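These notes concern the structure reproduced below.
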Amino acid sequence: MIQIIRDKIEYGNLVEACRGPKCGAVVLFLGTVRDFADGKPSESLDYEAYEPMALKCLEEIRDRAKERWDLGSLAMIHRLGHLELGEISVAVCAASAHRPEAFQACQFAMEELKKFVPIWKKENRPSGESEWSHPGES
Amino acid sequence: MPGARPTFPTRLFLFASGREALGKSELTLEIPEGSTVRDFQNLLKEMHPELRALIERSLFAKNEVFAGWDDILQPGDELALIPPVSGG
């Protein structure tokens, strides 16, 4: 399951969709909106994406993970739009027969997502200012 | 200019700070036949010097796939300016 959505991420459903009798290990990663970013307090976030390309990139990450590890399933959901502190922006669930593959694949998928999937977040500061996050800025 | 190569329109999608800086989510540039992604990048910097710093830190996508700088653009290709990503 690969999705980009605007509603709340129902991670319970995601886990249930990944689980199964062949998988003794299920790892779930949740990324949530934190109250501090780039050394400054943050009040909320807005996410946008180049959606058709982002979906293709997520599918590519899943396919590469499945080539590298013996997985029952790997699912990724990213949320777009306005998110308040504590809300879930991304969920990755990996299921496999044994735990090393599930842990490694889950971390791999998340790291790859952060490297190249065309999704961006805007930090809204308590001061009323807001700024797009483009890592590497000097 | 006499002998100038024929041109064709090419769409560019904009996101995040690029979209906000220009106040629109896409634009179209006329580019000469045989132009590469690098040529398009240079033309975009000339047309929108206010975006120069962002453009220099960004990649381009062509038809929803990351493009190489030497890729030659064809009529109908759709480009996107992809600034450093921050999903997750």
Side-chain angles (χ1 to χ4, degrees), chain A residues 2 4-5 9 29-34 37-38 42 45-61 76-81 83 88-92 106-107 109-124 129-138, chain B residues 9-29 31 36-38 40-41 44-45 48-88:
Chain A
I2 298 289
I4 292 178
I5 63 173
I9 294 178
F29 172 85
L30 299 177
T32 66
V33 180
R34 200 181 46 200
D38 307 322
S42 198
L45 292 180
D46 286 279
Y47 283 93
E48 72 175 50
Y50 183 14
E51 279 189 64
M53 181 172 169
L55 282 169
K56 284 185 191 174
C57 290
L58 292 174
E59 286 165 359
E60 183 199 323
I61 292 169
M76 309 176 82
I77 301 181
H78 205 297
R79 185 174 166 187
L80 302 181
L83 276 75
I88 298 164
S89 56
V90 62
V92 178
C106 188
Q107 179 161 22
M110 196 55 218
E111 300 302 328
E112 292 298 297
L113 182 156
K114 292 191 79 82
K115 264 187 232 166
F116 77 92
V117 178
I119 300 174
W120 300 270
K121 69 176 169 191
K122 183 162 73 172
E123 303 274 357
N124 301 309
E129 292 173 346
S130 61
E131 65 209 53
W132 286 100
S133 172
H134 294 308
E137 248 159 338
S138 51
Chain B
T10 298
R11 284 171 91 188
L12 175 76
F13 299 115
L14 298 160
F15 299 95
S17 55
R19 177 180 58 72
E20 281 197 353
L22 292 190
K24 52 188 173 185
S25 56
E26 64 173 273
L27 56 81
T28 300
L29 293 185
I31 60 168
T36 63
V37 172
R38 175 72 74 193
F40 188 96
Q41 184 205 34
L44 188 65
K45 283 194 283 191
H48 295 284
E50 72 276 24
L51 271 190
R52 173 175 283 269
L54 183 73
I55 293 167
E56 287 179 350
R57 301 205 303 116
S58 299
L59 299 173
F60 282 81
K62 188 181 79 171
N63 303 329
E64 303 173 3
V65 176
F66 284 105
W69 294 112
D70 297 330
D71 289 0
I72 291 174
L73 297 171
Q74 307 292 338
D77 282 345
E78 289 182 333
L79 297 179
L81 185 69
I82 310 287
V85 301
S86 51

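To find a chain, count down the sequence lines: A is the first, B the second, and so on, and within it residues start at 1. Bear in mind the structure is a predicted one, so any value in this text is a computation, not a measurement.
The structure places NZ of K62(B) at 12.5 Å from CE of M53(A), a figure rounded to the nearest 0.5 Å.
For A49(A), the part lying near chain B is the backbone, with the side chain staying farther off; criterion is any non-hydrogen pair under 4.5 Å. Contact of K56(A) with chain B is made through the side chain alone, with heavy-atom distances under 4.5 Å. Interface remark: F116(A) contributes backbone and side-chain atoms alike to the contact with chain B (heavy atom separation under 4.5 Å). In this structure, chain B has heavy atoms under 4.5 Å from both the backbone and the side chain of Y50(A). With a 4.5 angstrom heavy-atom cutoff, K121(A) touches chain B via backbone and side-chain atoms both. Interface residue F13(B): only side-chain heavy atoms are found under 4.5 Å from chain A.
Taking 4.5 Å as the limit, some side-chain heavy atom of P83(B) sits within range of a side-chain heavy atom of W120(A).
With hydrogens and angles disregarded, a donor-acceptor distance shorter than 3.5 Å links the side chain of S86(B) to the backbone of S133(A). A donor-acceptor pair is defined here as one N or O able to donate and one able to accept, closer than 3.5 Å; such a pair exists between the side chain of K114(A) and the backbone of G87(B).
E50(B) CD: more than 12 foreign heavy atoms inside a 6.0 Å radius. Atom CD of E78(B) sits in a crowded spot, with more than 12 heavy atoms from other residues, nucleotides or ligands closer than 6.0 Å.
Nearest heavy-atom pair, P84(B) versus P135(A), reported as atom, atom and distance to 0.1 Å: CB-O, 3.3 Å. In plain terms, the two heavy atoms of H134(A) and S17(B) that are nearest each other are NE2-OG, 2.6 Å.
In terms of heavy-atom pairs under 4.5 angstrom with chain B, the leader among I119(A), L45(A), V92(A) is I119(A). Taking chain B as the reference chain and counting heavy-atom pairs below 4.5 Å, the highest number among A54(A), G31(A), P52(A), C57(A) is found for P52(A).
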